[in-house]
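A quick write-up on the structure given underneath.
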Amino acid sequence: MLTIQFIRDSKETILEGLKIKNFKQPELIDQLISKDNERRSLQVKTNELQAEMNRLSKEIGVLFKSGEAEKANKVKEQTTAIKKEVESLEKAFQDSSVDLNNLLVQIPNVPHPSVPPGNTEADNKLIREGGAMPELDENALPHWELGTKYRLIDFELGVKITGAGFPVFRGDGARLQRALISWFLEENTAAGYEEILPPLMVNEDSGFGTGQLPDKEGQMYHVTEDNLYLIPTAEVPVTNIYRDVILDAEELPIKNTAYTPCFRREAGSHGKDVRGLNRVHQFDKVEIVQIQHPSNSYAALDEMVKHVEKLIISLGLPYRIVQLCGGDLSFTSALTYDFEVYSAAQKRWLEVSSVSNFEAYQANRLKLRFREAGEKRPILAHTLNGSSLALPRIMAAVLENNQTPDGIKLPEVLHKYMGKGKEIIR
RNA sequence: GGAGAGAUGCCGGAGUGGUCGAACGGGGCGGUCUCGAAAACCGUUGUGCCCGCAAGGGCACCGGGGGUUCGAAUCCCUUUCUCUCCGCCA
């Protein structure tokens, strides 16, 4: 969430930005500010009375100690009325703070000035594209048929064991998954990211820290017995490593990468968009996360984009990078680039990575701060993350785009992970 | 799952009703000494919010929530988590 200080200082900028994001309730900003004024004046009054109470209590203590019980009891009488007043003021102050917080969590992040206006993905801005479109045979197969043909993916089996959206990978399919994961992790660590293998379930505090809770509760699987949530992305456990942490400026930037399965309920999804691996409830993803100095976060964002781009180029997939327009931007993001690869057999673009700068928005929820050398006050860090990369759609595109009458010719970078004789899946 | 112990500042650890935001030790930072370092010595060292141009001041926080009391780290209730032993187990 945004800090109340930032909202007070930069009201106009924020309103301007929220317009780009198609925020429907700009009036909340004024409500916030007047609620904050209310809270402040309540705090002044409450604190004054509390100070008075503290003073009297101390006096009573001293009087009792020196044996002047009578005097002490007299002062005690005074406290009764003040105590009542303090209690009701405290209550009012707390209510006011809760209200303020409830308003605050409804305000999305403010988009970066470069974010184009617009409502849907049609308004996203093409940044660049690359890679050659494959020329496929008339009767090229979509990946779900290739998965069956080469015995790589078994969707029916997943339905039997668990349900729709839980594919079973087997044989070379399972191996290809593992190859991709290994290769991604290797590339990420080579780029300076520390590898993390985090828990796959998180508690409520973590869900709140990265913004999944309270709003997007329905998107996560919830283990009610223990009140834990299955992670929808490694971003959640990895970013929460730094919850309630004050770093030294020299520790920045922090760069982490993690492979995890991701679990998403995707309630309401249906139709051809969710066919095969296009949208599933459990999938594998390698994530990159950075904790950055605010002055460097956009340079870091560019660096992350270049890094992800390099991976996709190495896989030989036709791709494009788009900058999300205001309406398509997530609640917490200030700037997001989406990576899409072209799936030749489905004849459509598939989103395979989303790289975002959250600026201080997540950090404020997480209480993730750092201290500049010599400075007393800690300040909020910037957080960024991106997929590097999400497996299912990469797998779909790799299978579809590389199909030949002789089998599926895998990208060279994966050969060493697939093992000898597995350069082509037959 | 059963039994017990515990949760205090950057870390260790004291504190069982008043002057305790918290002894003491370690660490960090600044200084003295030194060519420099070590040692020793001196000083300093939590977070948030509020008032204030500032200097400065106030309030809250000793796992979370609630209660008793003029006054709670300390007493009571509740909750979460951690550790030890037993059981189970990859």
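A, B, ... follow the sequence lines: proteins, then strands. Residue 1 opens every chain. The shown structure was predicted, so the numbers you read here are calculated from the model rather than taken from an experiment.
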Check your understanding: Can a salt bridge be assigned to the pair A:Lys35 and A:Asp99 using a cut-off of 4.0 Å between side-chain N and carboxylate O?
Key -> yes
Exercise for review: Run the salt-bridge test on A:Asp302 and A:Lys306 with the 4.0 Å N-O cut-off and return the result as yes or no.
Suggested key: no
Atom-pair distance ([atom1] on [X]; [atom2] on [N]), nearest Å:
| X | N | atom1 | atom2 | answer |
| --- | --- | --- | --- | --- |
| A:Glu77 | B:rG71 | CD | C1' | 17 Å |
| A:Arg243 | B:rC81 | CZ | C1' | 13 Å |
| A:Glu372 | B:rC29 | CD | P | 17 Å |
| A:Asp36 | B:rC51 | CG | C1' | 14 Å |
| A:Glu204 | B:rU79 | CD | C1' | 13 Å |
| A:Arg371 | B:rU47 | CZ | C1' | 9 Å |
| A:Arg8 | B:rC49 | CZ | C1' | 13 Å |
| A:Asn227 | B:rG64 | CG | P | 19 Å |

Check your understanding: For RNA chain B, which residues in residues 38-59 of chain A have a heavy atom at a distance below 4.0 Å?
Key -> A:Arg39, A:Arg40, A:Gln43, A:Val44, A:Asn47, A:Gln50, A:Ala51, A:Met53, A:Asn54, A:Ser57
Study note, to complete from the structure: Per the under-4.0 Å heavy-atom filter, residues of residues 85-108 of chain A near RNA chain B come out as none
**Study point:** Sugar-phosphate, base or nothing in reach of A:Lys367, heavy atoms under 4.0 Å
**Key:** nothing
Point to revise | Below 4.0 Å: OP1/OP2 of B:rC70 and any side-chain N or O of A:Lys74 | key: no
Check your understanding: Is any side-chain N or O of A:Arg369 closer than 4.0 Å to OP1 or OP2 of B:rG48?
Key -> yes
Check your understanding: Taking the side chain as C-beta and beyond, is there a heavy-atom pair between A:Asp338 and A:Thr336 under 4.5 Å?
Key -> yes
Review point. Within a strict 4.5 Å, meaning less than it, do heavy atoms of the A:Leu228 and A:Val202 side chains meet?
Key: no
Exercise for review: Measure the acute angle between the ring planes of A:Phe331 and A:Tyr361, then classify it against the limits of 30° and 60° as parallel, tilted or perpendicular.
Suggested key: perpendicular
Check your understanding: Would you call the rings of A:His307 and A:Tyr193 parallel, tilted or perpendicular, where under 30° means parallel and over 60° means perpendicular?
Key -> tilted
Integer angstrom distance from the [atom1] of [N] to that of [M]:
| N | M | atom1 | value |
| --- | --- | --- | --- |
| B:rA72 | B:rG66 | P | 14 Å |
| B:rC11 | B:rG67 | C1' | 33 Å |
| B:rC76 | B:rU84 | C1' | 27 Å |
| B:rG4 | B:rC10 | P | 33 Å |
| B:rU45 | B:rC53 | P | 26 Å |
| B:rC33 | B:rG6 | C1' | 45 Å |
| B:rC59 | B:rU69 | P | 23 Å |
| B:rG48 | B:rG12 | C1' | 26 Å |

May I ask which nucleotide in the shown strands pairs with [N], Watson-Crick or G-U wobble, both distances under 3.5 Å?
| N | result |
| --- | --- |
| B:rG48 | B:rC59 |
| B:rA54 | none |
| B:rC29 | B:rG43 |
| B:rA90 | none |
| B:rC81 | B:rG6 |
| B:rA14 | none |
| B:rC20 | none |
| B:rA37 | none |

Point to revise | Spatial distance of atom CD (A:Glu90) from atom OG1 (A:Thr46) [nearest 0.5 Å] | key: 7.0 Å
Check your understanding: Between atom CD1 of A:Ile7 and atom OG1 of A:Thr13, what is the distance when rounded to the nearest 0.5 Å?
Key -> 12.0 Å
Review point. Considering only B:rC49, B:rC70, B:rU47, which nucleotide approaches the side chain of A:Arg377 most closely?
Key: B:rC49
Check your understanding: Of the nucleotides B:rU19, B:rU47, B:rU69, which has the atom closest to the A:Lys83 side chain?
Key -> B:rU69
Revision key, fill the gap. Sequence neighbours excluded, the answer for side chain to side chain donor-acceptor pair (under 3.5 Å) partners of A:Lys422 is A:Asp172
Check your understanding: Around A:Met53, counting heavy atoms of other residues, nucleotides and ligands shown, do more than 12 lie under 6.0 Å from its CE?
Key -> yes
Check your understanding: With nearest nucleotides of RNA chain B determined for A:Asp226 and A:Lys376 from heavy-atom distances, which residue corresponds to the more 5′ nucleotide?
Key -> A:Lys376
Check your understanding: Is it true that A:Phe263 and A:His281 have ring centroids separated by less than 6.0 Å?
Key -> no
Check your understanding: So, is the end of the A:Arg178 side chain (NZ or CZ) under 6.0 Å from the ring centre of A:Tyr417 and within 45° of the ring's axis?
Key -> no
